[in-house]
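One structure is given here, and the rest of the page talks about it.
All chains are named by letter (A, B, ...) in the order of the sequence lines, taking the proteins before the strands, and each is independently numbered beginning at 1.
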Amino acid sequence: MLKMSTLFLRTLRDDPADAEVASHRLLVRAGYIRRIAAGIYSWLPLGYITLRNIERVVREEMDAAGFQEVHFPALLPQDAYKETNRLAEYGPNLFRLQDRKGGAYLLAPTHEEMFTLMVKSEYSSYKDLPLSLYQIQTKYRDEARPRSGIIRGREFVMKDSYSFDLTDEGLDVSYNKHRIAYVKTFDRLGMRYNIVKAVSGAMGGSRSEEFLAPCPTGEDTYVLCESCGYAANVEAMKSTVNAVDGSGVAPMQIVDTPNTPTIDTLVEVLNVNFGGGFTGADTLKNVLLVADGKNIAVLVPGDREVDLKRLQANLPGVEDLRLFEDADFAKNPLLVKGYVGPQRAQEFGLTLYADPRVAPGTSWVTGANQRNQHALNVVNGRDFFVDEYVDSAEVRRGDPCPECATPVVIDRAIEIGHIFQLGRKYAQALELTVLDGDGQSRVVTMGSYGIGVSRAVAAIAEQTHDELGLNWPEEIAPAQVHIIATGKEDLPFDTAVALGVSLEALGRTVMLDDRRDASAGVKFKDAELIGNPIIVVVGKALVEGKIEIRVRKTGERLEALLEQAPAVISGLLK
RNA sequence: CGGGGCGUAGCGUAGUGGCUAGCGCGCCUGCUUUGGGAGCAGGAGACCGGGAGUUCGAAUCUCCCCGCCCCGACCA
């Protein structure tokens with residue numbers, strides 16, 4: 001029983017000045033966490049109990065799925081990460097350090113390498129597969145910008161699992177087992193979430209999904225089709241636009257459009273000089289970029305921006321992507337800033353990418369590659385030729401669902417889990433092979449699966465809090481029942497202790513506010529701030545032999561006779 | 001890394017060159033109080049983020065550094 005008279009806890013009446021998002025504010029105010037440095041937090045008793053409750057649920061579900069728990073050090077030699085090139089890939093995001101002999105170490109940002117090597121050193125036969133291992137470990141990433149309290153820290157607790165299979169079909173099975181285990185886990189954690197298609201990215205691999213907890217303070221943007229259930233990270237959203245017949249379009253025509261370097265100025269001049277009815281959507285925007293040192297052009301409708309994240313995610317292998325700068329224009333005098341058109345892209349040495357919205361046969365107004373001139377009736381496939389179609393335009397609310405064409409909604413969310421078919425990249429690099437039934441050496445295929453455990457504390461707080469404070473689901477609250485004793489006599493305090501003992505005998509976790517010097521008001525406020533699901537008040541109603549029960553989530557209040565109280569309270573919980 | 005904001009007691013804050021740096025919460029002592037962050041009285045707690053400078057005099061002005069928060073770039 002957690003007794004508040006001795007609990008190491010100090011709640012704050014005021015919001016901390018350096019906390020903005022609700023989870024951060026409330027976790028600090030309620031005495032769960034304290035900041036040590038940017039993105040680095042200490043856990044006080046209430047916070048640590050909550051964190052361990054989440055760990056417990058995660059562990060139980062992983063074990064139930066037949067995955068086996070191991071544990072690696074957070075402090076590791078750099079060697080393995082060198083072999084997989086992740087030292088370079090992580091760059092400055094990696095905490096690096098030296099031992100006294102000058103040996104190169106790091107604080108692990110994730111553990112693919114170590115798991116791969118561990119399996120390699122123990123197993124060598126296909127008969128040992130499939131295998132899934134996991135750990136719950138502290139990870140370190142030197143984020144450029146830690147933010148939102150515990151949502152994005154530089155030190156965080158993560159559950160990471162890895163599956164090992166001989167075949168692609170086996171990987172699918174392992175992947176699906178993890179997916180099911182994750183659904184069970186997040187359901188038990190009382191979270192609202194969507195399973196969303198994600199981009200596999202440079203790591204390769206065929207399948208990747210994110211578990212996103214919708215929340216306005218989240219960092220991820222995703223699209224959701226409320227009709228068919230399609231959900232995707234904006235980067236992974238597919239636009240489906242069909243080719244049209246452009247054969248009837250009048251020939252391309254070059255017109256003078258003085259001082260129209262932007263879409264807005266162009267549309268204005270078009271409407272004044274060339275008849276009305278033009279909008280930004282009729283124009284074609286030619287965005288010039290440098291991709292790993294190579295000049296490329298991306299075509300999007302003029303009323304949309306290029307989403308750089310989305311573009312990069314859909315250009316596999318490209319590591320460095322940036323917009324053209326003045327210096328780049330200076331080096332390429334044929335490319336006229338503000339008047340670039342795709343008509344001579346290949347001639348100019350540009351690889352021409354187009355968003356699918358710029359479909360074959362569509363006709364556009366675009367730059368004429370001459371200052372102060374634009375071209376009308378520029379038809380894709382007749383007047384310019386796209387090298388490759390790539391989803392790159394910003395995604396908007398109302399865009400058609402790729403599965404059923406219903407307008408999609410866009411929402412923000414916190415990523416709480418990610419399941420990912422890694423394929424053979426790590427096994428190949430670190431030579432994890434097994435012998436198959438024919439005695440042939442085969443590279444193992446892997447999956448990697450993560451749950452942000454400490455982040456889940458914040459995500460749940462974000463989703464469940466109200467204006468009074470935190471408001472935990474019962475599986476993870478510091479205690480299921482929060483008993484408050486009021487008054488100055490011994491009776492309510494003794495009664496509260498006895499009630500707590502009875503509840504614990506029924507398997508319930510109990511927190512008891514037995515502070516003699518705190519007023520009832522303080523105890524009520526603290527109980528609401530701390531956010532345990534059931535608040536029991538032992539006080540005034542005691543003269544009638546009753547206690548008062550309040551359900552934190554609903555605000556519902558009821559009374560129970562003392563002798564029936566344990567059963568009644570317990571009955572309110574799962 | 002670019003842009004913006006901020007750094008005064010455990011927390012929230014006032015104080016734009018001039019007395020001993022003020023207030024609220026919290027903390028300690030005593031009395032009173034005990035169903036919605038109680039009252040009175042007394043008290044402890046701050047080299048005003050650090051350094052250098054300007055000045056008779058700096059929390060306050062200047063420069064440098066450090067730290068924190070927000071937006072963006074980046075990133076799970």
Side-chain angles (χ1 to χ4, degrees), chain A residues 9-21 24-25 28-31 34-40 44 89-94 109-110 112 139-149 151-160 198-199 201-203 208 210-213 217-220 233 235 307-309 312-313 319-323 413-420 448-456 458-459 468-469 484-489 492-493 513 515-529 535 537-543 547-548 550 557:
Chain A
L9 171 71
R10 192 100 306 154
T11 58
L12 304 176
R13 194 172 295 209
D14 300 305
D15 283 334
D18 61 0
E20 200 128 314
V21 302
H24 189 195
R25 265 189 302 117
V28 172
R29 265 192 67 199
R34 293 288 182 257
R35 190 179 60 74
I36 295 294
I40 302 177
L44 276 53
E89 279 172 19
Y90 267 97
N93 285 337
L94 210 53
T110 174
E112 274 83 359
K139 310 287 186 188
Y140 296 87
R141 294 182 195 176
D142 194 1
E143 297 280 351
R145 183 151 99 83
R147 72 185 89 181
S148 308
I151 294 177
R152 178 175 215 74
R154 293 192 292 171
E155 181 190 279
F156 56 97
V157 178
M158 177 167 152
K159 187 287 303 177
D160 49 329
V199 177
M203 281 196 184
S208 170
E210 292 169 339
F211 288 71
L212 298 185
T217 51
E219 298 183 279
D220 278 46
N233 198 306
E235 291 135 52
D307 181 334
L308 280 179
K309 257 171 115 168
Q312 183 157 12
E319 282 180 14
D320 182 48
L321 186 67
R322 63 173 177 83
L323 290 166
I414 300 171
E415 182 186 344
I416 47 170
H418 195 167
I419 53 177
F420 189 71
S448 111
Y449 316 89
I451 290 178
V453 175
S454 48
R455 178 180 278 183
L468 298 173
I484 295 172
T486 67
K488 52 185 167 183
E489 308 303 325
F493 287 83
D513 197 340
R515 291 176 293 177
R516 291 282 188 153
D517 50 355
S519 70
V522 168
K523 293 177 184 178
F524 296 151
K525 291 285 185 199
D526 274 347
E528 284 150 357
L529 179 62
I535 298 169
V537 186
V538 181
K540 277 190 166 166
L542 215 48
V543 293
I547 52 98
E548 182 183 334
R550 304 177 182 184
R557 297 184 181 199

#### Entry: Rounded P spacing from B:C70 to B:G12 in Å
15 Å
### For atom CZ of A:R35 and atom P of B:G67, their distance in whole Å
11 Å
### For A:F211, ring-ring contact (aromatic ring centres under 6.0 Å, His included) partners two or more places apart
A:Y182, A:F186, A:Y193
### Message
Under the rule for side-chain hydrogen bond (donor to acceptor under 3.5 Å, both in side chains), what residues qualify as partners of A:D18, not counting sequence neighbours?
### Response
A:R35
### Task
Taking the six-membered ring of A:F493 (Phe, Tyr or Trp), confirm whether the NZ or CZ of A:R515 is under 6.0 Å from its centre and within 45° of its axis.
no
### Message
Which residues pass the side-chain hydrogen bond (donor to acceptor under 3.5 Å, both in side chains) test with A:Q312, not counting sequence neighbours?
### Response
none
## Note on the structure
Per nearest nucleotide of RNA chain B, the residue lying toward the 5' end, A:R154 or A:T11, is A:T11
### Query
Which residues satisfy the salt bridge (charged side-chain N to carboxylate O under 4.0 Å, His left out) test with A:R557, sequence neighbours excluded?
A:E548
### Query
Hey, is the side chain of A:R145 poking within less than 4.0 Å of OP1 or OP2 on B:C71, counting only N and O atoms?
yes
### Query
Residues two or more places apart in sequence or in another chain: which of them pass salt bridge (charged side-chain N to carboxylate O under 4.0 Å, His left out) with A:K309?
none
### Message
Categorize A:R141 for me: base, sugar-phosphate, or nothing, with a 4.0 angstrom heavy-atom threshold over every strand shown.
### Response
sugar-phosphate
### Summary
Under the rule of Watson-Crick or G-U wobble with both distances under 3.5 Å, where | means paired to another strand and [ ] a crossing pair, RNA chain B maps to ((((((((.[[[[.)..(...]]]].((((((.....)))))).....[[[[[..)....]]]]])))))))....
### Query
If the P atom of B:C47 is compared with that of B:U33, how far apart are they to the nearest Å?
39 Å
### Task
Please identify each residue that fulfils salt bridge (charged side-chain N to carboxylate O under 4.0 Å, His left out) with A:R516, with sequence neighbours left out.
A:D490
### Task
For A:D307, enumerate each residue passing the salt bridge (charged side-chain N to carboxylate O under 4.0 Å, His left out) test, keeping only those at least two apart in sequence or located in another chain.
none
### Query
What are the two closest non-hydrogen atoms of A:L44 and A:G31, and how far apart are they?
CB-O, 3.4 Å
### Query
In whole Å, what separates the P atom of B:U29 from that of B:G4?
50 Å
### Message
What is the separation between atom CZ on A:R322 and atom P on B:G2, rounded to the nearest whole Å?
### Response
17 Å
### Query
When you match A:H24 and A:K309 each to their closest nucleotide on RNA chain B, which lands nearer the 5' end?
A:H24
### Query
Base, sugar-phosphate, or nothing for A:R10, non-hydrogen atoms under 4.0 angstrom?
sugar-phosphate
### Task
To the nearest Å, give me how far apart CG (A:D526) and C1' (B:C25) are.
13 Å
### Query
Can you check the A:I36 CD1 to B:G67 C1' distance for me, whole Å?
14 Å
### Query
Any idea which of B:C74, B:C11, B:G36 is nearest the A:R147 side chain?
B:C74
### Query
Which nucleotide in the list B:C68, B:C74, B:G36 gets nearest to the side chain of A:A144?
B:C74
### Query
When all nucleic acid strands are considered with a 4.0 Å heavy-atom cut-off, which category describes A:S448: base, sugar-phosphate, or nothing?
nothing
### Query
Which whole number of Å gives the distance between the P atom of B:A58 and that of B:G49?
15 Å
### Task
Using the P atoms only, state how far B:G50 lies from B:C11, rounded to an integer number of Å.
15 Å
### Query
A:R141: what forms a side-chain hydrogen bond (donor to acceptor under 3.5 Å, both in side chains) with it, not counting sequence neighbours?
none
### Message
Measure CD/A:E143 against C1'/B:A73 and give the value in whole Å, please.
### Response
13 Å
### Query
How many Å lie between CD on A:Q312 and C1' on B:C74, as a whole number?
10 Å
Restricting to nitrogen or oxygen on both sides, can you table the protein-nucleotides 30-35 of chain B pairs closer than 3.5 Å?
residue, atom, partner, partner atom, Å
B:U34, OP2, A:K488, NZ, 3.0
B:G35, O2', A:K540, NZ, 3.2
B:G35, N7, A:T486, OG1, 3.3
B:G35, O6, A:K540, N, 2.6
B:G35, N1, A:E548, OE1, 3.0
B:G35, N2, A:E548, OE1, 2.7
B:G35, N2, A:E548, OE2, 3.3
B:G35, N2, A:R550, NH2, 2.9

### Query
Can you list the residues that meet the side-chain hydrogen bond (donor to acceptor under 3.5 Å, both in side chains) rule with A:S148, with sequence neighbours excluded?
none
### Message
Taking B:C61 as the reference, what is the distance to B:G24 when you measure between their C1' atoms (whole Å, please)?
### Response
30 Å
### Query
Just by distance, with hydrogens left out, do A:E143 and A:N93 show a side-chain donor and acceptor under 3.5 Å apart?
no
Give every pair of a protein N or O atom and an N or O atom of nucleotides 12-14 of chain B that lie under 3.5 Å apart, one pair per line with the distance.
residue, atom, partner, partner atom, Å
B:G12, OP1, A:A17, N, 2.8

### Task
Using the P atom as the reference point in each nucleotide, state the distance between B:G26 and B:G18 in Å, no decimals.
33 Å
### Message
Taking only the C1' atom of each, what is the distance from B:C74 to B:G3 in whole angstrom?
### Response
15 Å
### Task
Quick one: label A:E528 by what it contacts on the DNA or RNA (base, sugar-phosphate, nothing), any heavy atom closer than 4.0 Å.
base
### Query
So does A:E219 pair up with A:R147, basic N to acidic O under 4.0 Å?
yes
